Amino acid sequence: MKVLEPENVRPYCQNQSFLFPPNLRDMIVDDDLCIVVDDVVNSLDLSCIYKKVSSEGNLPYHPKMMLKVLFYAYASGIFSSRKIAKAVRENVTFIYLAAWQQPNFRTINNFRKNNLKELGDLFVQIVHICQKLKMIKLGHISIDSSRFQANAADRRTYDRKRIDREMKRLLDQAEKEDQEEDALFGSDKTGDELPKEIRKRKHRIEKLKKIRKQLDEEGKEKLNSTDPDAVFMKTTAGIKTAYNAQTAVDENAQVIVATEVTNKSYDVDDLLPIVDQTEENTDSRINILSTDSGYSSADNLEKLESREIDAYIPDDQYQSKTRRKKVPPFNKDNFIYDESRDVFICPEGQQLKFVCPQRRNHKDTYLIYQCSECIECQYFGQCTSSKKGRTIHRRALDEKIKQMRLKLDSESGKAIYAKRKVIIEPVFGQIKAAMGFTGFMLRGLKKVNSEFKLVAIAHNLRKISKYVYKESIDLSLKIAEG
Ligand code: SF4
């Protein structure tokens, strides 16, 4: 039965030919992120990538086009090379950036892998563009870290106990099978009847031995066989094989000004390197710096002070409840330190003498003081229950910590430190929730470090896009200005 078409509708013909082919640019709105990516990449000095282009063989795709596609993909939350290749075939903004060319997923992946080192240079160039746009002021920099999952399964992480257990299981299994074979075919059989199974087991045992050798050589407790650089860390999703991304963010427009990925689960050693990188990338000095207590150490505080950086870094006990409550009678605060004799005097007038130094949580060295008179004391059981006597820990530079607490407790200190959360924490939220980047595609510390530079570039491009739209800035004109 023939269905009558309605008459009062617009003509609809999918195979209509055009007299003049449509321009793809006309199909993209002016405030689309891809326009910012286009303008920014057009303004970059890509000589570091151009000089790697071979003059022989098949003509490669233009690095400018590949970079635009890669940057836009990461900024849009597309990280897998297969998904990027699909977008280049189907998505109008990707088709525009690629100018109808269609690199396949292997080409995209190889381009990303082959230009990892150059991403660091491009990241700095984009930070300079943000400075030119006055998005970075270096008035207040906040540094923090966040953990991102490695491209490796947790079950591939081994420690010595697990290796021993696995090897024992495999050897027991081999022995049991040997006995069964002997019973079935006689003990004079060579075992050629089951080569595949045995080969598989042998291969597994060899692999386990290799992992144990690597554990011994590198002095590690645990090792992931897929990505040996990744380590077990506490993440929001539990204990995972992950990396720790250190990031410095400028207050003004939440631009990432420095970033470095490490495989350490603690932060304290990474503060000064990231401060150096921030100043190097921006060719400027940091004015105010805030971090959480994970970066607090007397050494860090002293070095920041010598560089005249106004730092706001609480120690790990600054926010603890005990500090806010009334001081209990046998709290450390009620023991008086006598500098001339290097002893603490307890509330009963006994001396706690220096015993030994102790380094804690990769941070400061603590000096341990102990009392030898406690067993006889009327307060034994209240002040301490240790038969060795009451101990007190003193940090090598307790005075620095005290000064920092006073600074953080001041009205201006409170106001400055309150901004820390607003500056840095939303950045990780935007990377993880808005961009959807929660884990690395690449493996190995060097590669994931470069991949995170790509993530930081994508984040900064999103910030530039938002900023130029809000401030009604003509981006290409502004970049072109001297
Ligand atoms: S228990 Fe030891 S440290 Fe505590 S008050 Fe008595 S003597 Fe002093």
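Order of listing sets the numbers, starting from 1, for every ligand and every atom in it. Since this is a predicted model, take the numbers as computed values, not measurements.
- In the model, Arg112 has a side-chain atom that pairs as donor or acceptor with a side-chain atom of Tyr74 under 3.5 Å.
- Within a radius of less than 2.8 Å around atom 8 (Fe) of ligand 1, the protein N, O or S atoms are Cys346 SG.
- Looking at Gln131 and Lys137, their side chains never bring a donor and an acceptor atom within 3.5 Å of each other.
- Not one N or O on the side chain of Gln350 forms a donor-acceptor pair closer than 3.5 Å with the backbone of Ile345.
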For the pair Asp45 and Ser47, evaluate side chain to side chain donor-acceptor pair (under 3.5 Å) and give the outcome as yes or no after the intermediate values. CA-CA 6 Å; Asp45 172 3; Ser47 49; 2.7 Å; yes
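- Side-chain contact, Ser146 with Lys432: a donor N or O sits under 3.5 Å from an acceptor N or O.
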What verdict does the side chain to side chain donor-acceptor pair (under 3.5 Å) test give for Asp267 and Ser145, after you've listed the backbone C-alpha separation in whole Å, the side-chain angles of each residue and the deciding distance to 0.1 Å? CA-CA 7 Å; Asp267 299 324; Ser145 68; 3.0 Å; yes
